[in-house]
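To start, the structure under review is shown below, and the notes come after it.
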Amino acid sequence: SLSFARAVLTLSLLPGCRALENRLDPPREIKLGGRFAPLVRVREEKNLPGLKKGMVATVGTECFTLDMGELLDAYPEGSVPWDALFLHEREHALGQAAQPIFFYWYATQPHGFRWAEEKRGWRVELRHWRSHGLRPDFEDWARVLSEDYGGMTTYGEAMDWLRTEWSAP
């Protein structure tokens with residue numbers, strides 16, 4: 001019937017309309033939870049010390065980003081990269097829960113410790129991509145790891161680690 005066809009057409013257009021709405025007026029907070037527990041939300045925060053453009057930081061059970069619109073453009077909600085990112089952040093939340101003063105202590109640690117901690121999250125993220133038949137841009141990821149984390153590793157070391165992790169069972 002014509003009304004059934006209209007309903008199907010409307011339902012098929014809704015995801016696209018929602019994506020356009022998010023680009024024009026992105027939400028300032030998105031609830032997480034479920035498979036990302038103990039994380040409960042990601043929210044826009046302009047004043048978190050150390051938070052840089054394009055990054056997500058986890059403090060306890062919350063994630064923060066400077067610009068929710070940019071986050072949603074780079075990681076559409078519900079996509080494999082979105083899930084991989086918040087599985088990565090979940091690793092940090094679990095680490096912080098195990099060591100409550102972790103967040104404050106982390107920034108004072110030598111680069112080797114920070115690199116080891118970040119590898120835990122990036123490993124989960126990389127394996128999620130791989131399990132869905134996707135391959136990230138290793139050059140871009142190695143650049144982020146070597147430049148955006150205060151020199152915790154070199155580009156060459158990050159690239160070697162990514163290649164090794166990619167081929168690990």
*Begin with the C-alpha distance, continue with both residues' side-chain angles, and end with the deciding distance and a verdict on salt bridge (Lys or Arg N to Asp or Glu O under 4.0 Å) for Arg127 and Glu165.*
CA-CA 8 Å; Arg127 289 183 178 178; Glu165 281 301 314; 3.2 Å; yes

*Step by step, work out the side-chain contact (heavy atoms from CB on, under 4.5 Å) result for Arg120 and Val124.*
CA-CA 7 Å; Arg120 286 180 50 232; Val124 169; over 6 Å; no

*asked:* Determine whether Val59 and Glu62 satisfy the following criterion, side-chain contact (heavy atoms from CB on, under 4.5 Å), listing intermediate values before the conclusion.
replied: CA-CA 6 Å; Val59 181; Glu62 298 198 22; 5.8 Å; no

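Taking OG1 of Thr61 as the start and CZ of Phe36 as the end, the distance is 14.5 Å to the nearest 0.5 Å. The CG atom of Leu145 lies 10.5 Å from the CD atom of Glu147; values are rounded to the nearest 0.5 Å. Taking CG of Asp67 as the start and OG1 of Thr65 as the end, the distance is 6.5 Å to the nearest 0.5 Å. To the nearest 0.5 Å, the span separating OG on Ser79 from CG on Leu72 amounts to 9.5 Å. Note that CG of Leu162 and NZ of Lys119 are 10.5 Å apart. Values are rounded to the nearest 0.5 Å. Note: Ile30 CD1 to Arg43 CZ = 13.5 Å, rounded to the nearest 0.5 Å.
At a threshold of 4.5 Å between side-chain heavy atoms, the hydrophobic network of Ile, Leu, Val, Met, Phe, Trp and Tyr places Leu87 and Leu71 in one connected group. Both Val80 and Val144 belong to a single network of hydrophobic side chains, linked directly or stepwise wherever heavy atoms of I, L, V, M, F, W or Y lie under 4.5 Å apart. Leu126 and Leu94 are members of different hydrophobic clusters when ILVMFWY side chains are connected at heavy-atom separations under 4.5 Å.
Inter-residue side-chain proximity for Asp83 and Arg35 is flagged as met; some heavy-atom pair is nearer than 4.5 Å.
Nearest heavy atom pair, residue Trp141 against residue Glu125, reads CH2-CG, 3.8 Å. Taking all atoms of both residues into account, the shortest heavy-atom contact from Thr58 to Gly60 is CG2-O, 3.6 Å. The shortest non-hydrogen separation linking Glu45 to Leu66 is O-CD2, 3.4 Å. Scanning all heavy atoms of the two residues, the minimum distance from Arg90 to Leu39 falls at N-CD1, 3.6 Å. Taking each heavy atom of Leu32 and Val42 in turn, the nearest pair found is CD1-N, 3.9 Å. Closest approach of Glu157 and Thr153 over heavy atoms only: OE1-OG1, 2.6 Å.
Using a 4.0 Å cut-off between charged side-chain N and carboxylate O, Glu29 and Lys31 make a salt bridge. A salt bridge links Lys46 to Glu44: one of the charged nitrogens lies within less than 4.0 Å of a carboxylate oxygen. No salt bridge links Arg123 with Glu91; every basic N to acidic carboxylate O contact stays at or beyond 4.0 Å.
Checked against side chain to side chain contact (heavy atoms under 4.5 Å, CB included), Ser146 has the following partners two or more places apart in sequence or in another chain: Tyr155. Applying the side chain to side chain contact (heavy atoms under 4.5 Å, CB included) criterion to Lys52, with sequence neighbours excluded, gives Met55. Applying the salt bridge (Lys or Arg N to Asp or Glu O under 4.0 Å) criterion to Glu139, with sequence neighbours excluded, gives no partner residue. Residues passing the side chain to side chain donor-acceptor pair (under 3.5 Å) test with Arg130: none are found, sequence neighbours excluded. Partners of Asp140 by salt bridge (Lys or Arg N to Asp or Glu O under 4.0 Å), not counting sequence neighbours, listed by chain and number: Arg143.
Geometrically, Arg135 engages Trp166 in a cation-pi contact defined by less than 6.0 Å to the ring centre and at most 45° from the axis.
Judged as a ring pair (Phe, Tyr, Trp, His ring centres under 6.0 Å), the pairs with a partner in residues 49-88 (not counting sequence neighbours) are, in order, Trp82-Phe86, His88-His92, His88-Trp122.
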